[in-house]
Each structure stands twice: as C-alpha cells, then as structure tokens.
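Each chain gets a letter, A, B and so on, in the order the sequences are listed, and its residues count up from 1.
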Amino acid sequence: MEIASKYSPEQIEKKWYDYWMRHNFFRSTPDEREPYTIVIPPPNVTGVLHMGHMLNNTLQDVFIRRARMTGKNACWVPGTDHASIATEAKVVAKLAEDGIKKSDLTREQFLKHAWDWTYKHGGIILEQLKKLGASCDWERTCFTMDEKRSQSVLKVFVDLYNKGLIYRGVRMVNWDPGAQTAISDEEVNYKEQQGKLYYLRYQLADDPKRYAVVATTRPETILGDTAVCINPNDPKNAYLKGKKVIVPIANKEIPVIEDEYVDIEFGTGVLKVTPAHDVNDYMLGEKYHLESIDIFNDDGTLNEHGLQYAEMDRFEVRKKIEKDLEEAGLMEKVEPYTNSVGFSERTDVPIEPKLSMQWFLKMGKISEPAFMSVMDDVVKLHPAKFKNTYRHWMESIKDWCISRQLWWGHRIPAYYLPEGGYVVAETDEKALELARQKTENNNLSMADLRQDEDCLDTWFSSWLWPISVFDGINEPCNKDIAYYYPTNDLVTAPEILFFWVARMIIAGYEYRDDKPFKNVYLTGIVRDKQGRKMSKSLGNSPDPIELMDQYSADGVRMGMLLCSSAGNDILFDLSQVELGRNFCNKIWNAFRLVKGWQVDETIEQPDSSATAITWFSNKLQSALAEIEDHFEKYRISDAMMSSYKLMWDDFCSWYLEMIKPGYQQPIDQKTLQTTIDFFDRLTRILHPFMPFLTEEIWQLLQPRNVGESIMISEMPEKNSFDEKILKAFDFASEVIIAIRAQRAKRNILNKEQIELFIKKNEETPQTLFDGIVAKLCNIGNIAYIDEKPENCASFIVRSTEFFIPMEENVNKEEERAKLQKELDYTRGFLDGVLKKLNNERFVGNAPEKVLEGERKKKADAEARITVIEEQLKSL
RNA sequence: GGGAGCAUAGCUCAGUUGGUUCAGAGCACCUGCCUUACAAGCAGGGGGUCACAGGUUCGACUCCUGUUGCUCCCACCA
C-alpha cells in the first residue's frame, strides 16, 4: 500500500463525518445505560462560528466522545438561540440596505422578513460545527423560538405571573435609541469619552442678579430639570437654601432641595435634578416627590418638552444649546472633561436612561436554592474561583427586567382590556376567557383585547434550555426529561455566568426542583496576541473555517485545547495550531512506518523487542492513570498534553525505535501484532481530542467490519503498572542520551558502530536494558569491566561509569577540566545536603520521607564524587 | 468606589498537600544531521534571583503582609 508522507485531512474528515452520520452514532435515546448529557450553549441562530465557539465546542465534543467510549449513553443536544436584539438588529440593517425602514412595516411584515432571514442564515453555524467534528444528536436540534420552546416560554411566564413573581412597573431603564429598546445593565458598555463640563447659570427667582452655578455634562437635559440640589452642609451654597431658581431657556421656576448625596467638592456643589434622565436624579425625585419630565422621543430626538429644539437629535441640541446659553450670558464656563458614557453593546449608540413601563421578575426568593446549590458544590464551578463571583452577584441580585421593545422574540402574553387592566394567558382563547370573566362581559371579543407589544428578553427562553430541549416544561413527566435531566457538564464562557448559567440554575430548581447540570466548565475568553478579545468588529479573529481547511479540524482542536486551562483567558497563537497539525502528521507517519513492515513468521521475537513491549505496556498504563486523573479534575489541556507525550515521546521516539527492524528487514509476528494493538489503544485514547485522524488510522490498522467505528469502541481501561520497570527505563534512557551526546560531541556518526564498557557498582540498577541501549545507540558489544580501560571517552550517569573506546587519542586536558567542573558542582551540592542533614531542627521536623530523600541524595553525591575523583586520578 | 484574579524562559502557558516527578512544556533561538516513517522531522544545546520587599518555617515558586504593574467583574462619576 502506498501511503502519502503527509497527512491530508480534506477527504478524510468529510468521509468519516458522513460515515458517523449515516450510522447514527450521534443519536441517543433513553436506555438502561447511565446517561451523560450536555446541552450546547445555543449560538445565535444567524451567527457564524468564531474562535470562542471553537474552543467551547471542542471541549464539549471531547467530553461527549470520552463519555461515549466509557460506556455512557452520551447525548449532546444542539440548537440555536433566536438572540432577539442581535438578530433584529441584523434584519433592520438588511432592510435598511434595501431601502426599507422598520417603522414602515407592520409587526407581521417585519416578522416575515425576520423569519426569511432566519431560514436563510439560520443553522449555518450548526453546519460549521459539523466540520469541527461535533458529535451532536442532530435529530434533537432545537431553536429557542420553535413551537415547543415558545410554548414553554409562555407557559413559564404565565405560571410565574400567577405565582405573583412577575409584575409591571415604571423603572429607569437603559434605553437604546438605535434599536429603540430597553436593554439590561449587562448589555451596556461604559467607555471613556472626551467631553465637556458645562457650568450653567440658574438665576434666582427672587433676585435675577444672583444665580446658582450648576455643572453638567448634558446641558440638553435642562429642559427636564425639576429641581437643583445642594448639600445641606455646604457653606458656599448656603445662600440657595429655600430659594427657587429659573431653568435657563425653559424659564421655569424650580425649587432648591437639599440632600447629602451631593458631593460638595464636585463642580460647584450644585446638582441639577432631572428625574426622567438620570438614575440618581430619579432616586432623588422619588425621595422628594419631584415631577419627571421626559424630554426625549424613543429615537433620541427631543419631544414637545424640548420646546424650540423639538425633533432635533440630542447631540445636535447639546451643541445648539451651548451656543444659545452663551448668547444669553448664562454660560459661566466650559471645561474639557473625561467621563464614561454607557453604550449599547448591540448598536454601539450611547444609551439614554429613560423611565418606562417594563415587566419584571422578582428574583429574591426564587434565586435562593440556586444560590445555595453553588455554595454547597451541588453545582460545581470549574475553576472554583468563580464561586466568589457568583456569590457576589447572587447576594445583590436585582429584579430582572424581562421585557424588550422588540418584535423578534416571544411576545409577552399579556392582553389589555378595553376599560383598563389586563389578563395574562398562554393563548388568545384563554386570554379571552379570562377577560370575559374579569370584565363580566361575555360579549367581549378578541378584537377588544390588545396584546402587549413587547417581547421577552432572550435569556427568558434560554434560561429554560436544559429543561425545554427535552420538552420538560410542557410534558414534565416525559421519558426524555426523566432520563437526561439533570445534565452532566455545561461548557460556557464566564461572561455569561449571570445572564445564563445562574438563571438556568434558578429555573432548574423552580421547574424541576433539581439542578440543571452537575458541573460548569468555564472556558477563558479567546484573545489575540495583544490581549484583545477576538471579535468581528476588530477583525482580529481568524476565520475558523479557513483555519480548519489549512490545519485540519483535528489540528485546530489540538491547538485550542493545549492552551485552554479552565477559566484562564487564552491568547490565541497560530503556533499552537501548527503544533496540532504537526502532531497529526507525526501520528500519520508512525502509522506509515508500522503499516510498511513485512512480517516474517519464522523469525523469533528479539529480546530487545520483548523488553520494549514490557516497558511500553507499563508506560501506557501509567499514562492512562494520569490522563484519567486530569479528566476527573477538569484539567483538559493537561490530559491532552499527557496523551500527546505518550504518543510522540514514548511511543514514537522510544518504543518504535526500540522495535524497529533494520532497513528492509522483516519484523516478527508477535512484535508487530502487539505494536498494532498498542497503536489501536493509542488512537482510542486520542480519539476524543482528534476524532478524524484517529478514526482513519484505527480503520486501517486492523480489518474492521462495516458499521464499526472508533467512536463507539471502548476507551482502554486503566490497570496497575510496575513502577520499578519505569524507573529502570529512566536510567537506561539517561544512558542512551549520554551516549548520543558523546557521539555528537566527538563526531561519531550514528552508522559507525561503537563498543561500550560499563563499570558497575552497587548504585547501578539491576536492569539496564542492555539490548535496547545497544540497539538505539548502534553498539556492537556491551561489556562489564572492573578497571578503567585505556584511551576511552568516558561519562558518568548518576554514579556509574561508562567508557567508549576511541581510535584517536582523547584530549586529557579537556577531560580533566570537564571532570573538575563536575566535581566542584557535585561537592557544592553535597554541602547543601549535608547542611540540611546536620541541622537538628530539620532532622527533627521534616517527615521521614523527606529525610530519606536527603540521605539518598547524600549517598548518591558521595558515590559520584568518589567516581569522579578516581577518574581524575587515572588521567 | 466595592470585589476577584494574575505576575514563572524571548513568546504562550503548566507547576495539584510547602520538601528531587521542581524550576517544566510548546513555540522561538543556537549546533549538527535530507540517518529509507516523519525537515510539519531527528539528535544535541543555551536560556529563569519564579514581579519587588518583608514575614512565618528546619525548609517558600508554593503560606501571610505590604509595594508595584496588569486584567476582569460589579457599582458609578452631575
């Protein structure tokens, strides 16, 4: 069989993914096995794959594939999120390109466009996940706005409303004038802005010659002022106490109030109070029963309270009003000023604090079990440091504003009655029924009811995700939810710990009386080399699809995993992905080597091969134990690294070299079969990390039946191993490395055969792996001697002397200098050890194990010194 | 302003209960090899006062305190 020397993934990846799909290997249905469940953090339905998804989904696939290979019934549920704000923003932008304004469309027309968009772009991201190798049960794909999920959302809303947990209220919300919706605090990004601080004169009502000077960054809001406020302890403004002042331009009298909230040192110590447009002012307004005057339209232009500025944009007004105030002599001064301004995460438009009627969910009581379960490790966070963050948030949890002024989403199932009041119901019919009861008017028809225009926050559907994907809200007793819930691991980014993870836990306890998952693995944020978050807008993110085309899906998976310790941000570096690709190629070539060997059934197994097999099978077991330990502790990159070293260093660099027959020589049957068996196990160990390459090799390694696959094979089981053999080999490997170094130093080519003399002493290990040393170093004869031979290159491993006879004379001066240096170092080392051992407090306090170690160090060093001294003497 | 975290080789990062599995990996670098599986490779090598200053301890990369620098979260800046 001719096998290419470079691994080419293109066809191979596609071939095996199709094969897995065709044989339904990803499918999971309840059975008698233990379930292992992951629900995908649903990506935005119209989104495209970015590096964060790559990391996240690689990890999930590693977990799910490993679970599948360890006898669990593994179920990974995929799906997408309707992402109301993000998607609506995209649709609006697309319509704008076509010259259509959202405001010219009816709700129905707009939704038609939104659905068209969703059908067209929706699910692209899921197709991209397939390229990565994601082994999701695609038959279970859900969408947060599909029928069952929508029903679940409405059902939960009605239920919470009936429990008295949902209420309507006027609140100061973050208004996004771009998207014309309220957004949550979490969706506001504060940015430093170079602005101005304006000092305005508010004349006293009873004495126009005197005035209060107010410092503000937002002069356009003066038209909404309903008071100015001073600190009662501020002597310099005491003259304002009990006075009334006149708002410039508006020419309106407002009172001077006093509150300690005002910082005496800031500006002039006089604060203008605009309850409708500032959170703190709103609180002052509540406290002193001030009127709220909202001067803005929803799009950020001024309304009729804006007087002559009505219909102008807020920022235009700021400029204009600055000029007008100056002309009127009411501007004291203007200073440059840096302050932080909130921007909408979605539209990047400065947000406007605005009073508006919103729906809220009371979070206090409902969140208690979720709080406790994380504190008590019923739900474990990995890494655990996020427990603190979680506690901090849960302790100060605020009511959740769940309404959004959008059309794309689940419409709030509240219906307003003609003569005031409203009813809440899952369907129009039920609403009408309730409305008739409430109004005692049986003639009421649907046309008389007006459904709330708002949509629910996206997270109000995704917080039900681990339940709703198994339809556990609509059918709380169905087989799937009973079997798969609670799920096992959730893999997500720490930035949505509160938006999503905390709320899922809350919903889990409220609707299943149980946690939604046992472990939460929080990945880092993928950043570029400058430490910036990778994002489309910055254009600093490589295209994952291109990356996979270039480096193979397996290579990219490896690259992501190697730098992804839990919870730490990862600085993405192409060299990691290169490493992944190189590793694929390494395995591929190891496979080529093994596959290329001819068997001769008549030859006996060489002793060196038998020894190599004994060593490697022990090494394999110790690595398996290590890998399993890493997995248990969610140290995935460590598990990856251990597997990588087992394959590359132990198997390829050591084992294969040990058993490799000479050029064009055949191999014995026994060794070949065992090697293939090792290789088989190695591919299985590596399969969760790099599914495609391992499947390809596994299939070619031995004859397989149709319908067999590595992904449904069993993970090699860990067994006990002999530590002594591994230790003995460590010594042998040191000897081999030392001989290679001698060859390199003395320019003895590898093909030139040499001899080796060993002067054993009581410190020399019993097993020396002579056959292997001879083979790997091309040694014709190994002999044990008592006397130092003439004209030899010599070296010392631990405290055993080795000699290689040389044809040319050895430079004695050089040898002496080298040995002297070695001697000095070892003596220094011994001094350090002796100091410790002569320290009574050390001997008295240190545990026996440590003492033993120190004594061993002492003995070793002494033996070594003796040997070096002897050598020096003989020179 | 409140909270959390980080600082280890040129770069990206591991380092689990304080003690030879402890100073490590990969990349980069240097030297020598196109040795018939692999140059996406092989062999060898250099490189770190573990941010700084104290303290606890027989012993500190590891624990404590402080300093400096950076990051994130929350609140918020008229």
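Taking atom P in both B:C22 and B:C13, one finds a spacing of 23 Å when rounded to whole Å. Taking the P atoms as reference points, B:C61 lies 15 Å from B:A9, given to the whole Å. Taking atom P in both B:G18 and B:C64, the straight-line distance is 11 Å, to the nearest Å. Nucleotides B:G19 and B:G24 place their P atoms 15 Å apart, quoted to the nearest Å. Comparing B:A28 with B:G55, their C1' atoms sit 39 Å apart, to the nearest whole Å. The separation of B:A25 from B:C34, taken at their C1' atoms, amounts to 28 Å, rounded to a whole angstrom. Comparing the same atom, C1', in B:U20 and in B:C29 gives a spacing of 29 Å after rounding to whole Å.
Across B:A40, B:U16, B:G44, the shortest atom-to-atom separation from the side chain of A:His630 is found for B:U16. Counting only heavy atoms from C-beta on, A:Thr389 has its side chain closest to B:C73 among B:C73, B:A43, B:G44. The side chain of A:Leu593 lies closest to B:A37 when the candidates are B:C73, B:A37, B:G44. Counting only heavy atoms from C-beta on, A:Leu579 has its side chain closest to B:G26 among B:G26, B:C73, B:U16. Comparing B:C73, B:A37, B:C58 against the side chain of A:Ala590 picks out B:A37 as the nearest. Among B:A75, B:U36, B:A37, the nucleotide with an atom closest to any side-chain atom of A:Tyr663 is B:U36. Relative to the side chain of A:Arg740, the nucleotides B:U16, B:A43, B:C58 differ in distance, and B:A43 lies closest. When distances are taken from the side chain of A:Lys6 to each of B:U16, B:A40, B:A37, the shortest belongs to B:A40. Among the nucleotides B:C38, B:U12, B:G44, the one closest to the side chain of A:Lys586 is B:C38. Candidate nucleotides B:C38, B:A40, B:A43 were compared by shortest atom distance to the side chain of A:Arg581, and B:A40 ranks first.
One atom, CG of A:Asp638, and another, P of B:G26, lie 14 Å apart when rounded to the nearest Å. For the pair A:Tyr551 OH and B:C27 C1', the interatomic distance rounds to 13 Å; values are reported in whole Å. In this structure, the CD atom of A:Glu495 is 17 Å from the C1' atom of B:A4, given to the nearest Å. As a whole-Å value, the separation of A:Leu837 CG from B:U20 P is 14 Å. For the pair A:Ile659 CD1 and B:A37 P, the computed distance is 12 Å after rounding to whole Å. In this structure, CD1 of A:Ile587 is placed 13 Å from C1' of B:A37, rounded to the nearest angstrom. The CG atom of A:Leu693 sits 13 Å away from the C1' atom of B:A40 (whole-angstrom rounding). One atom, CG of A:Asn582, and another, C1' of B:A37, lie 15 Å apart when rounded to the nearest Å.
Proximity of A:Arg581 to A:Tyr7: side-chain heavy atoms (C-beta onward) are nowhere separated by under 4.5 Å.
Dense packing is recorded around NZ of A:Lys857, with more than 12 heavy atoms of other residues, nucleotides or ligands lying under 6.0 Å away. Counting heavy atoms of neighbouring residues, nucleotides and ligands inside a 6.0 Å radius, atom NZ of A:Lys236 exceeds 12 of them.
Looking at heavy-atom distances under 4.0 Å, A:Arg635 makes contact with a base. A:Glu657 comes within 4.0 angstrom of a base, heavy atoms only. Residue-level contact check: A:Cys652 touches the bases, meaning some heavy atom is under 4.0 Å from a base atom. Across all strands shown, A:Val273 has no heavy atoms under 4.0 Å from either base or sugar-phosphate atoms. A:Asp629 comes within 4.0 angstrom of nothing in the nucleic acid, heavy atoms only. Residue contacts for A:Tyr199: at a heavy-atom cut-off of 4.0 Å it reaches no nucleic acid atom on any strand shown. Note on A:Ile737: only backbone sugar-phosphate atoms sit closer than 4.0 angstrom, heavy atoms only; bases stay farther off.
Remark: of the listed residues A:Val256, A:Leu330, A:Val270, A:Val214, A:Val214 is the sole one forming a side-chain contact (heavy atoms from CB on, under 4.5 Å) with A:Tyr202.
When the side-chain nitrogen and oxygen atoms of A:Trp648 are compared with OP1 and OP2 of B:C42, one or more of them lie within a distance under 4.0 Å. Taking only side-chain nitrogens and oxygens, A:Lys660 comes nearer than 4.0 Å to OP1 or OP2 of B:A37. Contact check, A:Asn589 against B:A40: no side-chain N or O comes under 4.0 Å of OP1 or OP2.
Classification of A:Lys660 and A:Glu657 as a salt-bridged pair holds, one side-chain N sitting under 4.0 Å from a carboxylate O. Using a 4.0 Å cut-off between charged nitrogen and carboxylate oxygen, A:Asp629 and A:Arg635 count as a salt-bridge pair. Residues A:Glu322 and A:Arg318 are not paired through a salt bridge, judged by the lack of any N-O separation under 4.0 Å between the basic side chain and the carboxylate.
Taking a pair as Watson-Crick or G-U with both hydrogen-bonding distances under 3.5 Å, the stems of three or more pairs touching RNA chain B are B:1-7 with B:68-74, B:10-13 with B:24-27, B:29-33 with B:41-45, B:51-55 with B:63-67.
Rounding to the nearest 0.5 Å gives a distance of 9.5 Å between CG of A:Asn582 and CE of A:Met558. Taking CD from A:Glu578 and CD from A:Gln550, the interatomic distance works out to 9.0 Å, rounded to the nearest 0.5 Å.
For A:Tyr337 and A:Tyr198, the gap between ring centers reaches or exceeds 6.0 Å.
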